[in-house]
Structure formats: C-alpha cells, structure tokens
Amino acid sequence: MALIRASRTPMLILALAAVVAAGCGDDDDDGGGGDGGGGTSAADCTGTIGVMAPITGDAAELGEEQRNWARFGLDRFNRENGSKLKMVEGDTQLDPGQASTVAQQFVSDDAIVGVVGPAGSQEVDAAGPLFDRAGLGFVSQSATATELTESGDYPTFSRVVPKDEVQGPTDADYMIDELGVKNVLIVDDQTSYSTGIADVLEDELKKEGVQTTRESVNQKQTDFSAIVSRIADDTDVVFLPWQLAANAQQFGKQMQEQGKDAVIFGSDGLFSPDDFSIAGSYVSAFAPDITSIPESKPIGDAYSEKYGEFGTFGPPTYAAIEVVATAILAACEGGDPSREAVADQIRQVKLDESILGQPISFDENGDIRRAKFFIFKIQGGNFELVQ
Amino acid sequence: MDFFVQQLVNGLTLGSLYALLALGYSIVYGILKLLNFAHGEVYMMGAFMGYFTLIALGGAASPAVPVALVLVLMFLAAGLSAGLLGVAIERFAYRPLRDAPRIAPLITALGMSFFLQSTALLLFSADVRNMDTSELISPATGIHAGPLDISLIRILVIVSAALLMVALARFVAQTKLGKAMRAVAYDREAAEMMGIDVNRTIVAAFFIGSVLAGAAGVMVGLVFDRVWHLMGFTAGLKAFTAAVVGGIGNIPGAMLGGLLIGLAEAFTAGYISTTFQNLIVFGILIVVMLVRPTGLLGSPAIEKV
Amino acid sequence: MAPVGVDEWVARLEERRERRGGIVGRALAAWDGVAPVWRLVIFAALVASVPFLTDSDFVVRVGVNTLLLAMLALGLNIVVGWAGLLDLGYIAFYGFGAYTYALLASDQIDVHLSSWLAILIVVVACALLGFLLGLPSRRLIGDYLAIVTLFFGQVFVELVTNLDRVTLPGDDEPVDITGGPNGIAGVDPINLLGIEFLTPTDYFYLSLVVLVVLIGGLYLIDNSRTGRAWRAIREDPLAAGLMTMPVKRLKLLAFAFGAAVAGLAGSIFAALQIGVFPRNFETPFLILIYAAVILGGAGSITGMLAGAAVVGISFELLREPDEASWIFYAGILLALVITVRPWTRLAAVLAGVVALGLALHAVVGGIWPETVAGSPQADWTFSSAIDGWLLLPEDPRTIGNWAFVALVVLAVWLSQAGPRARLLALVPLVYLAAFVWENRLMLDPSVTRQLMLGALLIVVMNLRPAGLFGAKRIEVA
C-alpha cells in the first residue's frame with residue numbers, strides 16, 4: 001500500500017489544524033437567541049431547543065423515537081405558529097457521563113434557551129446541577145424517579161410524565177381490588193425506570209399481604225424460557241415494568257408455549273399495540289394510545305408516514321417540546337427571551353389540549369398536574385380501557 | 001422432570017445456534033490465526049437480510065408463497081448475503097494485513113465490527129424488527145407429548161443446525177477444498193509451496209463461516225423474534241467463548257463448545273437465576289483456560305522457535 | 001521479500017531516508033533535540049493555557065475528557081504497547097477504580113475518606129486487581145488473553161449492575177453495594193492540599209498535573225531496566241525468557257501498572273461526574289481508548305498524547321453538525337493533499353470536483369427542482385456555498401441510504417484498482433462522499449460519530465499499522 005509515503009508531520013499538522021479550525025469555527029454563533037427590547041413576534045423569535053435522548057446504544061430504539069418525535073413536533077409547531085425555532089440533538093446513550101458532557105455542550109451554546117430531556121433518571125442527576133447553575137429550563141419526556149421533583153434539587157426541571165410513586169400504587173390497587181391477587185411475580189429489566197416502579201409496587205403489595213417474588217432480566221435478553229419455567233403454578237400475575245414491549249411479547253409467547261396461565265400486567269413501556277398483544281393482559285399507561293384519541297390520531301398518522309411506527313416514548317417527547325417551544329414564544333413576547341425567562345415560562349405553560357389527551361400544566365415541583373393512570377386490558381386484539 | 005426437559009430443549013436450541021456461530025470463528029482462526037470480531041455483525045446482517053426477504057414475500061401473516069418455501073428463501077438470502085459480506089471483509093480489510101503484526105488485523109476487526117453496527121443503525125434505524133414467527137408457524141405445532149413441549153421452529157433449528165454441522169465435518173474431512181483448509185491451517189507456507197491456492201482457500205473458509213453465521217441469524221430471528229443492530233455483539237461474544245472453550249481452530253471443538261455453553265446458560269438460568277448466566281459462562285471459560293489453555297479439544301500449542 | 005529479523009533500527013531505516021529537509025524537517029529535528037524535561041514543560045504550558053483562551057465550559061469539559069483519555073491511553077500503552085499484552089478488558093480497571101473511589105467517598109456505605117487516602121487505596125486496589133487478572137494470563141498466548149480480558153470487561157459491567165441486592169451471611173436484608181443500574185450518586189469532590197475541586201476547570205488543572213507527573217514517571221520507566229525488559233518481552237517472549245528475564249513477573253507487573261493508572265483516572269472521573277454508573281464503562285468507550293492508542297502508535301508516549309488529542313477532540317466535535325462539517329471537509333482535503341501528487345494533479349482533481357458539482361446542480365436541478373430543494377443540516381461558514389454546489393433533495397433519507405452503500409462499495413473497489421482507474425474515479429468519489437455526508441450522515445450525527453470511529457480504526461490499521469508515532473516493526477514468520 002504505497003498510498004502514504006509522506007512523513008507524518010504534514011499529516012499531523014493539518015489534522016490538528018482542522019481540529020482547531022473546527023473549534024474556532026464555533027465563534028460564529030455566539031450571542032444567539034435574540035436581544036432584549038420590546039416584545040418580539042413569533043417570526044422574529046429565534047431560539048434553539050436542545051434535545052437529549054439515547055439516540056445510539058442499547059436504548060437506541062427509544063431514543064431514536066424520542067428524537068424523531070421532537071423533530072416532528074418542532075416542525076409542526078413552527079408551521080402552526082410561524083416561528084423559526086431550531087433543534088439540536090444530543091446523544092447520551094443513556095450514559096450519565098455522556099449526559100453530563102452533552103449538558104455542558106448545551107449550557108455553553110448561547111443559542112440554546114430550553115432543553116427537552118434527559119431521558120433517564122440518572123441522567124437528570126448528572127445533568128441537573130449544570131442546568132440549574134445555568135438557569136436553563138429542562139423538561140424530561142421519560143424520567144420518572146420520584147425524588148427528582150420531590151427533593152427540590154432541580155428548580156428548573158419539569159416533566160410530562162408522572163413519577164413512579166403514582167404508577168406503582170395505581171397498579172397495586174387494581175391488582176388487589178379488581179384481580180384479587182395473592183401471589184405476584186415481579187420481573188424488572190434492570191433499568192432504573194423499571195426498578196423504580198417495581199420497588200414501589202413490591203412495597204405496596206407486601207403491605208397488603210400479597211406474596212411477591214422478584215426476578216430480573218437484561219434488556220438485551222431475548223430468551224426468557226428459564227424464568228418462565230420457574231413461574232409457580234399459583235402465581236396470579238406476572239408484573240413486567242419493562243421499557244421494551246417486544247421483550248414482553250416474547251415473554252408472553254414463551255409463557256404460552258410452556259402452558260403458564262398467569263396474567264401479564266405491564267407498565268407504560270408495554271403500551272405498544274404493535275409490539276405487545278398477548279390477549280388478557282393488562283397495561284397501565286400514563287396516556288392512552290394516542291391513536292385512540294380522535295384529536296391525536298392524525299398527528300400519529302402524520303408521524304408514521306414520515307418516520308414509521310412508534311411506541312409510548314415518542315408522544316411525551318412531542319408534548320415536552322411543545323411545552324418548551326410555547327415557553328420560548330411566551331418569553332419572546334414578553335420581550336425577554338433569556339434562559340431564566342424561558343425556564344419561568346415553562347412552569348407557567350398551560351395547554352388545554354395536548355397529544356396525550358389531557359391538558360398540561362405543572363405543579364410547584366415540576367410534576368405534571370392531574371397525572372392519571374389508565375389501565376387497559378387487551379381484549380379482542382385491542383387495548384380497552386378498564387379504569 | 002418437566003422442568004429439566006424444558007431446560008434441556010432450551011439449552012440444545014441455544015447451543016446449536018452458538019455452535020453455528022462458533023464454527024465461523026474457529027474456521028477463520030484456524031486458517032489465519034485471526035479473531036474475527038466482525039463475525040457477530042455478519043450474523044446480524046444475515047438476520048436482517050432474512051427479515052427483509054420475509055417482508056418482500058408478504059410478511060409473516062400473509063406470505064405469497066407456501067411457508068416452507070418462505071423459510072428456504074430466507075435461509076438462502078441470509079446465507080448468501082452473509083457469505084458475500086464475509087468474503088468482502090476478508091478481501092478488503094484483512095488481506096492487506098496478512099503479514100502485519102498480530103495486533104493490526106485484530107484492531108481492524110474491532111473497528112469493522114463497530115463500523116458494521118453503526119451502518120446497520122444508520123440504514124435500518126434502531127427499530128427492533130419482529131419476524132412474527134407465530135403467525136408463520138403456530139406455536140401449537142410441534143411436539144407436545146409428556147414432559148416435552150417443543151415448538152416446531154425449535155425442532156427445525158436443532159435439526160438444521162445439526163445437519164449443517166455434519167455437512168461441514170464431512171466437507172472438511174473429505175473434499176479437496178476441505179483438505180486444503182486443513183493444510184493451510186497447519187502450515188500456510190508449506191501449503192503454498194505444495195501448490196495450494198492459499199487465497200482461494202482462505203476465501204472459502206470465510207465464505208463457509210459467514211454462511212453459517214447468516215443461517216444462525218435467521219434462526220435466531222425466527223426463534224426469538226427479534227432482529228436489531230446490536231444483536232451481533234452479545235451473541236458474538238458467547239459464540240466466541242464457545243469456540244475458545246472447545247478449542248479454537250478446532251471444528252468438533254466449536255460444536256462441543258457451543259453446546260456446552262448453550263446448555264450451561266439454560267440450566268443456570270433455569271435453576272439458579274438469569275443474573276448469573278453470563279457470570280457462569282465466564283467462569284467456565286476461566287476454568288477451562290486454567291486447566292486446558294488450548295480448549296477442551298484443542299491440541300497443545302507447540303511454539304516453533 | 002520482507003527484511004529478515006525483528007529489528008527497530010532496520011525498520012526505521014526507511015524513515016530516516018525519508019526525513020525531510022526544509023523548515024519542517026529542521027523544526028522537527030530541533031524539537032527532538034530539546035531535552036525531554038523541557039518538552040514536557042512546553043507541552044504542559046500550552047495545555048494549561050486552554051481554559052484561558054475560551055470562556056466556554058463545554059470546551060473545558062472536552063479538555064478534561066481528553067486529558068482523562070490521554071491518561072487511559074498511557075496506561076493501556078504500558079500493557080499493549082510496551083509489554084505487548086492484548087488487554088481488551090482494560091476499561092474494567094477504569095470502572096473498578098471509579099467505583100472503589102465512589103464507595104470510599106460517598107453515602108453509599110457511609111464512608112468518607114479523605115481524598116489522599118481514597119485515591120491511594122484505589123490505586124493499590126486496582127494494581128492488585130491487575131495482578132490477579134494477570135495470574136491466569138501467564139499461561140495464555142496472545143489471542144487467548146484477548147478473549148479472557150474481553151469477557152472480564154463485560155462481566156465487570158454485569159456484576160456492577162447486579163450487586164444491588166446482595167444477601168450477606170448474617171444479614172437478613174439484602175445489601176446494596178453498587179447501586180445497581182442506578183449507580184452511585186453524590187460522590188465527594190476531590191479535596192487535596194486544602195483545595196476543593198468543584199468546577200470542570202478545577203478538574204482540568206488537576207488532570208493536567210496528574211498527567212504531567214504520569215508522563216514524567218512513564219518516561220523514566222521507559223528508559224529503565226523494566227522498560228527495556230518489557231520491550232524485550234514484546235518483541236520475543238521466548239528469547240527474553242531464555243535470557244533469564246522473569247517473563248511472567250514482568251507480565252504481571254505490566255498488568256498491575258496499567259491497572260493502577262486506570263484506577264487513578266477512574267477516581268478523578270468519579271469525582272468529576274459526581275457519581276458512577278454502569279453505563280459509563282461499556283464497550284464503545286473501550287474502542288475509543290484503543291483508537292487513541294492505535295492512532296498515536298502503540299509504544300510511544302508522544303503518540304498516546306497525540307492520539308488522545310485527535311480522537312478525543314474530534315469525537316466530541318462530531319456531535320454537532322456545524323463542527324463536524326469542518327472536520328469532514330478538512331479531512332477530505334487533507335487526504336487529497338497527501339495522496340495526490342504533484343500539485344498540478346491535485347488542482348485538477350479539486351477543479352473537477354467543483355465543476356462536476358456545479359454542472360450536476362445546474363442540469364439535474366434544472367430538470368427536477370426537487371433535487372435541490374433541501375438545504376444543508378449544518379449552519380456553518382460554507383453552508384450557502386454547499387447549497388449552491390451540491391444536490392440536496394428535500395427528503396433524502398432513502399436516497400441517502402443507497403448513496404451510502406454505493407459510496408462504500410466504490411471506495412472499497414477503488415482501494416484495489418489500478419492508478420489510472422483511481423485517478424478517474426476520484427472526482428465522482430469525492431462528490432459522492434460530500435453527497436452522502438450532507439444528505440444522510442448529517443441527519444444522524446450521533447450515528448455518524450460512531451461510524452467514523454470504526455472507519456478510522458480500519459483505515460489507520462490498513463494504511464499505517466504503526467500509527468502516527470509508533471515504530472514500524474517487522475516480524476519474522
């Protein structure tokens with residue numbers, strides 16, 4: 001291979017020069033985000049929204065969906081409001097270390113006045129202090145750990161999904177009251193989302209004297225036959241607070257193969273009619289399937305046309321970016337499109353309608369108000385609301 | 001007893017799949033002394049090609065041709081595309097490095113694995129694809145007698161994997177090309193001087209190994225119903241371990257290793273816990289490495305001075 | 001006919017002949033002439049000035065990440081570059097160091113040791129772990145070592161994710177040791193000599209100091225008996241053994257040393273991130289460290305620094321389309337400048353590329369306006385130039401995919417073709433590359449980063465296996 005016979009020096013110099021040039025080339029977009037002075041109309045309101053999601057890595061399926069919905073949502077918002085807000089994506093791979101770097105990147109980019117994300121609860125812990133110090137408002141589309149809002153550590157943090165503390169008891173109550181369970185197997189998928197809900201549910205069930213067994217799987221696993229074989233005959237319900245509905249489908253199939261007739265009960269990660277359809281199962285969800293909400297269905301269809309199928313992690317991202325974009329416009333109108341103003345406005349956002357089929361507003365901790373959980377049962381191939 | 005038989009079946013299925021993959025690693029290592037990290041990604045691509053074939057034929061719910069033909073076509077598509085990919089990788093990434101220090105092809109393989117993963121992510125997106133096997137072949141078919149509860153698809157997997165392995169063994173033992181492969185594995189320079197076309201032999205080895213990987217990919221897609229861009233990594237790692245445990249470079253060793261690892265995984269998951277699955281597999285590896293560093297069926301390595 | 005013998009001097013012969021005169025050659029010779037101590041001082045001074053040149057915390061953070069990467073590259077260099085042991089699980093030592101520090105300085109088990117003590121314990125513990133891992137490896141030949149260490153790295157992450165419900169004998173309630181998938185949050189900041197390190201800038205300087213000390217120490221070791229012994233093992237373990245070198249002991253020493261360095265870096269990382277999580281230590285990061293080591297040239301300290309700098313900085317810059325585009329186009333230009341000689345030919349190629357673009361834009365864009373309806377993803381200096389030069393369809397995802405495949409196939413075919421074909425196809429190849437970049441790769445900058453990392457490893461290994469600063473080695477069969 002006689003392709004490179006040159007000595008290494010010019011190569012190295014040019015390589016370093018390119019890197020330096022790239023670093024310096026950043027100076028062009030200093031001081032974006034509009035200046036002060038009187039109120040700015042939507043068309044003149046410039047601002048960028050940073051979007052953090054696990055776009056690559058193990059959770060890429062969720063992250064890509066979140067990123068695509070954010071893009072889709074912002075495009076629609078811009079079209080409907082005549083604004084020209086922009087979006088920058090930040091890949092965290094669900095790794096808090098990367099979340100911290102991405103957060104730093106967003107904080108240092110003056111054009112960014114609001115953030116959607118991070119997706120994971122530990123990522124909020126990693127990025128939170130940075131955003132807090134910079135006064136940057138951030139709205140998470142999927143971080144459900146209860147302490148994130150209750151501790152008050154992150155005053156600029158809000159979320160469009162309810163905390164674990166809400167989902168667990170709702171599910172537990174339903175299981176005890178409606179299904180009369182005595183013996184429940186809980187299987188988490190080792191993510192903090194999953195263990196969070198599982199822990200709360202386990203506590204609630206134990207309080208009522210229900211016998212619980214705890215197992216754990218890996219998200220990368222595709223074969224659950226071993227755990228399935230271990231399901232005791234007197235198990236009433238198998239609780240799967242998983243993020244990946246396709247895994248749950250596989251689990252259910254293997255249960256059928258081995259003749260286990262316990263009922264599957266899933267959290268909102270399983271709310272994916274395309275991926276999970278074991279008849280007789282229950283799924284609790286923060287929001288109903290948006291395709292069953294008449295106002296939201298066309299949005300879902302428009303998304304599918306461009307990007308393909310989606311599950312439950314996408315629409316909340318749409319809602320989140322809508323919230324941030326609305327806040328930015330409100331701040332612009334007030335004449336002060338700074339980060340602090342936007343962060344303030346985020347908490348004051350009141351949307352009468354949203355893609356999630358309910359109005360959006362936030363309480364003093366940043367939690368979404370009136371977070372209700374719906375419980376569905378899969379009957380006749382459809383998700384039917386039972387509570 | 002039921003439980004035991006169930007785990008046995010699981011183990012055999014897993015084991016056959018690992019064995020198929022392990023064979024690819026072993027054959028290539030035997031000939032080139034190269035650990036082909038990209039092999040897992042070839043398997044993943046094969047699975048995707050099988051999936052796309054299925055979709056092209058109408059999908060699992062309404063195939064345009066009879067189910068048996070669908071399966072055959074899927075296997076052909078997966079095997080061939082995987083084989084071609086493997087050959088291409090050898091030709092363009094590994095061949096220039098045949099005489100380079102050992103670390104070079106190893107790092108290239110690592111880089112190739114990463115590159116292929118990212119390419120799959122780029123082209124196919126992160127969506128997990130489902131083959132919806134249950135629509136194609138109902139889980140009710142199969143053997144459900146007494147303690148046995150095997151679905152047709154698992155039987156298919158175990159049987160076809162066995163057939164492929166037997167075919168391979170005979171090929172290596174009896175055909176000219178097979179003998180050439182053994183010769184090149186033993187001593188490349190001597191084989192070359194005896195008139196064996198070394199390049200052709202190496203290409204054949206890669207082709208065969210990759211075809212097996214592609215077939216394994218489709219089988220995994222059918223049994224476990226998930227095809228996605230990261231599937232090559234974990235499967236590759238386990239199959240790798242299997243090849244090493246059995247004695248890398250050794251074909252019967254790869255088969256033995258695969259079955260051993262598969263059964264170990266199934267029984268650990270069944271009787272202990274899934275959490276310890278990977279740890280136990282690793283433990284087996286360590287033990288074998290300590291007791292018999294060249295693997296169970298491997299011949300003690302003689303270092304030529 | 002390859003030269004016979006394993007000999008660095010012989011291999012370097014070609015390089016010595018290549019040494020250029022002129023300004024560059026003399027500058028390089030002058031640099032080599034400066035005593036190592038001063039080289040180190042100059043290097044440290046240059047790096048230390050970075051936080052003053054920018055007011056962006058992000059740049060400082062990238063700097064810290066790069067410094068940590070440099071430390072890890074140096075540590076891995078000990079194992080792979082100096083001792084020739086292929087350790088594919090190196091990242092586990094980093095993780096072990098980070099987790100140990102976290103356990104000794106957080107609320108997890110309610111231990112809050114002083115930073116000095118904690119870091120000391122971490123370094124010793126990691127060295128011990130390296131030693132233990134090295135024990136079974138004494139009997140393993142090269143590739144087997146790679147396999148075992150690879151698996152060790154995977155198992156570490158598994159262990160750490162699952163040790164949050166450990167039932168100790170004598171305890172009824174399960175104990176949470178590592179925090180499971182949630183990791184350990186709230187790690188104490190490092191507190192040395194009365195200074196509490198809190199901001200990225202603080203950690204930048206801390207890392208720089210540690211790095212400088214490390215470089216100094218490693219340089220001394222490299223020129224000591226142990227360093228020479230390691231080099232001997234790398235070149236020919238059998239001969240070294242026959243020369244009464246304690247091969248096994250040296251291998252263990254290399255492992256332990258490399259692990260200790262990783263542990264040190266890990267503790268700084270834990271304090272910087274104010275927490276440790278299992279996901280911090282997965283395979284993609286290992287590949288990054290290897291990329292730095294390989295690019296720089298395993299075996300050379302300068303190489304490690306250069307490799308870490310190039311890989312670390314560009315990997316971060318590739319996150320955003322604006323910066324990424326700089327790197328891409330500069331890279332293409334660089335590649336052309338190096339490979340196409342003399343300069344008249346280069347000018348012809350560049351002119352050809354520009355002309356081809358403009359022609360296509362005019363003709364194809366004229367007939368089918370949709371093919372130029374889109375715009376570049378990045379918003380940088382040359383955006384408008386590119387908009388007028390390249391075909392940019394409105395919704396380029398599908399055509400981008402096909403173009404990508406075509407690009408890979410074409411590039412691969414070209415690498416095997418003759419010089420005539422290569423020159424002819426170069427112009428369309430460059431155009432196609434720009435097309436794929438703007439239309440497909442920049443739609444997914446996060447995926448593109450990884451793609452380019454993988455491609456980098458493949459290309460570097462094929463073109464220059466010794467890396468930028470490595471010593472060319474020739475092996476006898």
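- Interface remark: B/L285 contributes side-chain atoms only to the contact with chain C (heavy atom separation under 4.5 Å).
- Contacts of B/F240 with chain C are made by side-chain atoms alone, with heavy-atom separations under 4.5 Å and no backbone atom involved.
- A cation-pi arrangement is present between B/K33 and B/Y29 under the rule of less than 6.0 angstrom and at most 45 degrees off the ring axis.
- For C/T283, the part lying near chain B is the side chain, with the backbone staying farther off; criterion is any non-hydrogen pair under 4.5 Å.
- With values rounded to the nearest 0.5 angstrom, B/R98 atom CZ is found 6.0 Å from B/R188 atom CZ.
- Defined by atom type and a distance below 3.5 Å, a donor-acceptor pair is missing between the side-chain atoms of B/R95 and C/N462.
- Between the CG atom of C/L441 and the CZ atom of C/F435 there is a distance of 11.5 Å, given to the nearest 0.5 Å.
- When heavy atoms are compared at a cutoff of 4.5 Å, B/L35 approaches chain C solely by way of its side chain, counted from C-beta outward.
- Taking the six-membered ring where the residue is Trp, C/F281 and C/F156 present perpendicular rings, their angle passing 60° and hence far from 30°.
- Side-chain N or O atoms of B/Y25 include none that pairs as donor or acceptor with a backbone N or O of B/A242 at under 3.5 Å.
- In this structure, chain B has no heavy atom under 4.5 Å from any part of C/V459.
- Interface residue C/L150: only side-chain heavy atoms are found under 4.5 Å from chain B.
- Interface check for chain B: of the options C/I458, C/L457, C/L159, C/T448, the most heavy-atom pairs under 4.5 Å are formed by C/I458.
- Taking B/L110, B/L122, B/L116 one by one and counting their heavy-atom pairs under 4.5 Å with chain C, the maximum is reached by B/L122.
- Considering only heavy-atom pairs separated by less than 4.5 Å from chain B, the leading option among C/V80, C/N401, C/L451 is C/L451.
- Per-residue heavy-atom pair counts under 4.5 Å with chain C were compared for B/L97, B/L34, B/I107, and the maximum is reached by B/I107.
- Ion pair C/D444/C/R449 not flagged as a salt bridge, since none of the NZ, NE, NH1 or NH2 atoms sits closer than 4.0 Å to an Asp/Glu carboxylate oxygen.
- Contacts between B/T241 and chain C at a heavy-atom distance below 4.5 Å involve the side chain alone, from C-beta outward.
- Only the side chain of B/L106 comes within contact range of chain C, with heavy atoms under 4.5 Å apart.
- Taking all atoms of both residues into account, the shortest heavy-atom contact from B/S113 to B/F37 is CB-O, 3.8 Å.
- In this structure, chain B has heavy atoms under 4.5 Å from both the backbone and the side chain of C/F151.
- For the atom pair CG of C/L76 and CD1 of C/I289, the computed distance is 6.5 Å after rounding to the nearest 0.5 Å.
- Contacts between C/L456 and chain B at a heavy-atom distance below 4.5 Å are absent for every atom of the residue.
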